[in-house]
Amino acid sequence: MRDIVPHPAPPSDTHCTPEQYDVMYRRSIEQPDAFWLEQAECLDWSRKPAKGGEWSFDPPQIAWFADGRLNLCHNAVDRHLPSRGDAKAFLFEPDDPSTPTRSLTYRELHAEVVRMANALKTLGVRKGDRVTIYMPMIVEGAVAMLACSRIGAVHSVVFGGFSPESIAGRIMDCESRFVITADEGLRGGKAVPLKANVDAALDLPGVAVDGVLVIPHTGADVPMRAGLDHWYADLASDADCPCEDMAAEDPLFILYTSGSTGKPKGVLHTTGGYAVWAAATFRYTFDYQPGEVFWCSADIGWVTGHTYVTYGPLLNGGTSLIFEGVPNYPDHGRFWQVIARHEVAIFYTAPTAIRALMREGSRWVTPHARSSLRLLGTVGEPINPEAWRWYHDVVGEGRCPVVDTWWQTETGGHMITTLPYAHDMKPGSAGRPFFGVEPLLVDAEGTPVTGDGEIEGNLCIARSWPGQARTVHGDHARFTEAYFSTFPGKYFTGDGARRDADGYWWITGRVDDVINVSGHRMGTAEVESALVLHPKVAEAAVVGYPHDIKGQGIYCYITLMEGNEGSDDLAAELRQWVRKEIGPIATPDHLHFTDGLPKTRSGKIMRRILRKIAENDYGALGDTSTLADPTLVDRLIEGRQND
Ligand code: WT7
């Protein structure tokens, strides 16, 4: 029997009781336009929309609230000034706990966003221009996003852990002519050379921008190139800077994410639908109440940081904590120390962090007061019941509901999630669909799997929702191919899932060539491309394998060019190489040198076999008779066992 943890009794001011969920969910499916137009009323529109969703999945063409007009920065910041100008918008906790914390009221945030927006205008940024943001986790990162949305520029945030090569690829792909960065970032006591990485990216062939805005953070002495690099203070001004009036379907941001093939895709989100989705999911999933401190530990370089560090909290007039550091610096109690220090009510993090901290023991948690905590959330990968239990029982003292939120870069916000006071919790299950979300399981042929009992299959979404990505920047054909071609007429998530007889959804993991490393999506093709750039590497095949802390680790099979031998030194060199090409999050966990890769006679690599061997599961290798060289399998197994 599976574990069920009952939800706490709904507080009187809850946004959604169990009865309300059933009524609202049914209405969101039966009358989606009426439902979402009503939800849209939580925002200020310069022109109220009369249209709801106008969409098709075959071919994909998606619009929501298309006749509406609004500005997202106005809704996140300016709108709150009369009612809560002195309320805190952001709290900041620095990497080093002995250096000063910071906080910004909505009024102060407004002033800062106006200054940054003016600086961008002076730099030459105009409505519709793409702006690359490569920042540490400091308040100015969120301010940069808001400044872009204020003037109608499209931000493309690149995670501060990515390499110069990765920055360059993203700048070129979206033809961004402007970069916002900082002198340096700080993580776990170490400086991250952000400005130097931008310089290196701009030195690569084919990369050129018109201006780089540099925010001083550590005060490091960074070289500035005349005519290109500008200190923030030199361009910032307090002049009036009205919000640009935008159409609901004007682009808001591009965010790159990995897929099963090729380079990362620039997923594009637009203004109105994303805003409604961010606002509604934040309010209902976290049952957010005014005055509460909300902390999402994700970096703004990921979609989680976009929707739940910046936009979701501010659209609700909430207080969002920005944390610069890492969970284990200066010690393993840091998360809990931050929660006590800032009286965090809602904490949202990834299972990988929970597992890593659980391993260090509860003694790091219990000395810190957690009485402010009311609710806990997880995101990014399935959470194993053991980690869920520890999070719920030890961190949440057994009294805080845990919401497990399943969603993707492409979905803009939560799609399947427990609602804290409406749904009982099943550790390991993401719960039920959010309003307007119609999940659907299909088999390998695309036939819907139905039935009242437990069913399993490929997870698709049957209809559009306001927060859905509209396209892949500059490549609508790739959007169609990646999400709407495997199962025509449906949005295919790339995940497998099971729905139990109670209507709870259990995500079983990716079914494509994407792996989930510490809650971050990594395309095996990307790691392979990086590896084969090395002069000694002939071929590479990368698969995921179970990893205690990261969820999945990166396992690389490598064949070498004639005359080279695999060695520990070469393995270390290749690890370093991939870090340099992509970034530390892509560092291979395991390198396996082999004299060949298992291929069919037509030359297709049989990844199923490679996955099984990486998992140390040799019993079910399936049919290997179609391999060009069937004897290779035994050598691969031997190689795995000798590690
Ligand atoms: C993939 C999306 C959504 C923000 C973070 C990752 C996996 C995400 C869960 C969850 C099981 C999850 C899926 C999904 N995933 N949340 N609660 N339970 N799996 O965003 O990089 O776009 O990755 O992360 O495999 O497809 P992303």
Side-chain angles (χ1 to χ4, degrees), residues 157 159 161-162 253-260 264-269 274 277-278 281-282 285 296-312 348-355 376-385 387-388 391 402-419 425-434 437 439 458-461 467-469 472 482-483 486 491-499 504-524 526 544 550-552 585-586:
V157 184
F159 172 56
F162 277 126
F253 68 83
I254 295 167
L255 186 57
Y256 286 85
T257 189
S258 300
S260 36
K265 295 187 279 278
V267 168
L268 183 108
H269 283 282
Y274 173 81
W277 199 251
T281 52
F282 180 80
T285 303
C296 164
S297 71
D299 193 283
I300 55 160
W302 312 111
V303 74
T304 311
H306 282 58
T307 308
Y308 301 109
V309 173
T310 306
Y311 291 120
Y348 188 38
T349 195
T352 187
I354 299 168
R355 283 193 297 269
L376 299 169
T378 72
V379 57
E381 54 177 317
I383 181 162
N384 47 313
W388 194 100
Y391 197 36
V402 174
V403 295
D404 177 348
T405 62
W406 173 85
W407 58 295
Q408 310 179 296
T409 305
E410 295 85 348
T411 72
H414 305 151
M415 295 291 281
I416 298 179
T417 176
T418 342
L419 286 189
M425 296 161 271
K426 296 193 185 192
S429 164
R432 294 170 181 271
F434 191 73
V437 174
N458 299 301
L459 179 61
C460 294
I461 310 291
Q468 183 170 25
V472 166
Y483 308 107
T486 321
Y491 168 78
F492 176 43
T493 64
D495 282 333
R498 197 167 63 234
R499 199 217 55 210
Y504 277 63
W505 293 79
W506 303 73
I507 308 299
T508 51
R510 300 291 301 197
V511 295
D512 53 9
D513 289 325
V514 169
I515 56 184
N516 190 322
V517 185
S518 303
H520 299 309
R521 211 198 292 191
M522 184 53 55
T524 51
E526 270 173 82
K550 299 181 181 182
Q552 279 190 301
I585 56 164

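Every number for a ligand or one of its atoms is a count from 1 in the order of the listing.
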Starting from atom 2 (C) of ligand 1, what is the nearest protein heavy atom, named by residue and atom, and what distance separates them? W407 O, 3.6 Å

For ligand 1 and T304, I'd like to know whether there is a polar contact (N/O to N/O, distance under 3.5 Å). no

Just jot down the ligand 1 atoms closer than 4.0 angstrom to any heavy atom of P382, in number order. 11 (C), 18 (N), 19 (N)

Taking atom types as modelled, is there a side-chain donor on E410 or Y483 under 3.5 Å from an acceptor on the other? yes

Please work out whether any backbone atom (N, CA, C, O) or any side-chain heavy atom from C-beta onward of E381 is under 4.0 Å from ligand 1, and answer side chain, backbone, both or neither. backbone

Which residue and heavy atom of the protein sit nearest atom 23 (O) of ligand 1, plus the separation: R521 NE, 3.4 Å

Of all protein heavy atoms, the one nearest atom 13 (C) of ligand 1 is D495 OD2, 3.0 Å

Atom 24 (O) of ligand 1: closest protein heavy atom, distance to 0.1 Å, is G380 O, 3.3 Å

Below 3.5 Å, N or O to N or O, backbone or side chain included: is there any such pair between T493 and ligand 1? no

Can you tell which of R510, E410, H520 gets a heavy atom nearest to atom 1 (C) of ligand 1? R510

Checking T304, T285, T405 against Y348 for side chain to side chain donor-acceptor pair (under 3.5 Å), the one that qualifies is T405

Applying the side chain to side chain donor-acceptor pair (under 3.5 Å) test to E381, which of R355, K550, H520 qualifies? R355

Output the list of atoms in ligand 1 that are nearer than 4.0 Å to some heavy atom of N516, sorted by atom number. 7 (C), 24 (O)

Near I507, which atoms of ligand 1 are under 4.0 Å from a heavy atom of that residue? 11 (C), 19 (N)

D495 and W406: side chain donor to acceptor below 3.5 Å: yes

Does F434 have its ring centroid less than 6.0 Å away from the ring centroid of H414? no

Quiz question: by atom type and distance under 3.5 Å, do the side chains of Y504 and T418 form a donor-acceptor pair? no

With no hydrogens and no angle check, is any side-chain donor or acceptor of S429 less than 3.5 Å from a backbone partner on W505? yes

Looking only at protein heavy atoms, which one is nearest to atom 6 (C) of ligand 1, and what is the separation? G519 O, 3.9 Å

N or O contact, T257 vs ligand 1, cut-off under 3.5 Å: no

I'd like to know whether the aromatic ring centres of Y256 and F162 sit less than 6.0 Å apart in this structure. no

Does the side chain of T281 pick up a donor-acceptor pair with the side chain of Y308 at under 3.5 Å? yes

